[in-house]
J.: 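Shown below is the structure under consideration.
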Amino acid sequence: MAQSVKGMRDLFGPVMGDFQHIEDTARRVFAQHGYGEIRTPILEYTEVFKRSVGDSSDIVNKEMYEFKDRGDRSVVMRPENTAAVVRAMIEHKLLQTSDPQLLYYIGPMFRYERMQAGRYRQFWQIGAEVFGSATPECEAENLVMLFDFLQGLGLKQLKLTLNSVGTPESRPAFYAAFRAFFDAREAQFCGDCHRRVAENPMRVLDCKNEGCQTALQGHPLITDFLDDASRAHHERLKVLLTNLGLPFEENPRLVRGLDYYTRTAFEVLSSDLGAQSALLGGGRYDGLVKHLGGPDTPAFGWAIGLDRLAMILAAVRGEQSVPRPALLIPMGEKAAAEALRLARGWWAQGAAVQVETRGANLKKALQTANRQGFTRALILGDGELEQGVVAAKDLAAGTQESWAFAEVPARLKD
RNA sequence: GCGGCUGUAGUUCAGUUGGUUAGAGCACUGGAUUGUGAUUCCAGUUGUCGUGGGUUCGAGUCCCAUCAGCCGCCCCA
């Protein structure tokens, strides 16, 4: 049988409805905050991601869909979008002024990963980025927007966790202290952590191994090694969030996987789906724009996986079928022709009506309507045609009344 | 990339130490009711047993490969 490519799925039915609802909510909330949408290409030159994501990350090493195009240039299907957005900002010279750029994106990303539930090789992300503001205020504004978005989707069990990962200048001192700590109890750490401590020491902090978490008791805190400006930044953000009534929790072991993050790092945890797990993450990445060849520009942002979000909404939604508009059921050839003409008039007035065009008999048409979740059937037979009415049946209540043709659009809106 | 588990009807599953024609619920189709669904009653169809090969007189069952999915890592969020 014909099959989709492994790890890539078709979206339709209730899941597609969940995706649309998420996207609609995102666009509405982001527009309120003044964010504009940006769509960048799926394909980018490999360099864009190799330079941004960092060599210690597996995203670059083994998870990218990378190939040569017909011009023998190495391209990849984007594994994430921040680097591509930055590339676009630089290319269109939008960072040459001091104007802030507030952007969001919605689209598919690609990583060649091992499959698991809610984890696909083509997966969807929504993200928001702010360029040109280095302040905690811009972070607080962005986080409020994020929570308006998530709460607008009906998610309630949300927890914001916060940390500061410092700057490239302040990090070496922390690394030195951390390595000393690690070496002193080296035997208690797992093999993965021995590898991590050399490549990316911060990664040891979020090792899932229980022994490692125990061994980490009393470890040096990144926040104790911050420079004064970073410390003030961190404190100010906490004041702002408290002031906004946005509850948060500090997590000194919270780190970011990608190299370009600076200062603020955060995650949002949700217990809506079983055990509490990270729903999204983000933070500040002041060095990335310059690193990719643009003007030195501060930036802050986050990205959330749409597939997992849709999974949570589906769990909340349950098996409920999506309500459908009214179904217009004509009886016989004459009514069938008239039904289309009438429906066209109603559509023009904004009514939502679907027309039964199979020529099914009434019994079959009503069976179908019921099964597909229609709330109302509009029956049009020769008798109704003569009187200029439809027999409007409420499928839930089982009641039926006559509606004049002209009043159908208005009555459907009730 | 590493380790493990699962694949039988549209779907959820049963199928004995390998044995003849592979079953059930739900769903679906038709009828009771030619213009009234969802409830009720009656009847009926579900099929490349994931795919390919092997062992065997005989394979849904055993072996190998492969594909797909699931779980845990790696990684990410």
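All chains are named by letter (A, B, ...) in the order of the sequence lines, taking the proteins before the strands, and each is independently numbered beginning at 1.
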J.: For A:Leu378 and B:G35, what is the distance between atoms CG and C1' respectively, to the nearest whole Å?
T.: 15 Å

J.: Choosing from B:U29, B:C75, B:C73, which nucleotide comes nearest the side chain of A:Lys364?
T.: B:U29

J.: The side chain of A:Arg371 is closest to which nucleotide in this list: B:G37, B:C28, B:G1?
T.: B:C28

J.: Can you list, pair by pair, the side-chain donor-acceptor contacts under 3.5 Å of residues 1-11 of chain A, counting residues two or more places apart and other chains?
T.:
unit_1	atom_1	unit_2	atom_2	d
A:Ser4	OG	A:Met8	O	2.8
A:Arg9	NH1	A:Tyr120	OH	3.4
A:Arg9	NH2	A:Asp307	OD2	2.8

J.: On RNA chain B, check which nucleotide each of A:Leu362 and A:Arg195 is closest to and give me the residue with the more 5' one.
T.: A:Leu362

J.: Closer to the 5' end of RNA chain B via nearest nucleotide, is it A:Lys393 or A:Arg203?
T.: A:Lys393

J.: Heavy atoms from C-beta onward define the side chain here; which of B:A77, B:C73, B:G35 lies closest to that of A:Ala391?
T.: B:G35

J.: Do the numbers put A:Arg284 on top of the ring of A:Phe300, so that NZ or CZ is under 6.0 Å from the six-membered ring centre and no more than 45° off the axis?
T.: no

J.: So, the side chain of A:Asp69 versus the backbone of A:Arg73: is there a donor-acceptor pair under 3.5 Å, distance only?
T.: yes

J.: Can you tell me which nucleotide in B:G3, B:G35, B:A68 comes closest to the side chain of A:Arg114?
T.: B:G3

J.: Side chains of A:Arg411 and A:Glu401: does their closest heavy-atom pair fall under 4.5 Å?
T.: yes

J.: Distance check: side-chain N/O of A:Arg376 vs OP1/OP2 of B:G37, anything under 4.0 Å?
T.: no

J.: So which nucleotide from B:G35, B:A77, B:A38 ends up closest to the side chain of A:Gln367?
T.: B:A38

J.: Quick one: sort the A:Phe182 and A:Phe189 rings into parallel, tilted or perpendicular, breaks at 30° and 60°.
T.: parallel

J.: How long is the line joining CG of A:Asp206 and C1' of B:A77, in whole Å?
T.: 11 Å

J.: Between A:Gln3 and B:C67, is there a contact of a side-chain N or O with OP1 or OP2 at under 4.0 Å?
T.: no

J.: Using atom types as modelled and distance alone, determine if a side-chain donor or acceptor of A:Arg324 lies under 3.5 Å from a backbone N or O of A:Gln354.
T.: no

J.: Quickly work out the A:Ile304 CD1 to B:A77 P distance and round it to whole Å.
T.: 13 Å

J.: Pairing of RNA chain B as dot-bracket, 5' to 3': ( ) intra-strand, [ ] crossing, | other strand, . unpaired, with Watson-Crick or G-U pairs under 3.5 Å?
T.: (((((((..((((.....[...))))((((((.......))))).)...(((((..]....))))))))))))....

J.: Check the distance between B:G37's P and A:Ile329's CD1 and give it to me in whole angstrom.
T.: 11 Å

J.: Output the single nucleotide from B:C75, B:U36, B:A77 whose closest atom is nearest the side chain of A:Arg119.
T.: B:C75

J.: Counting only side-chain nitrogens and oxygens, does A:Arg196 get under 4.0 Å of the OP1 or OP2 atom of B:C75?
T.: yes

J.: Which nucleotide sits closest to the side chain of A:Lys363: B:G35, B:U33, B:C75?
T.: B:U33

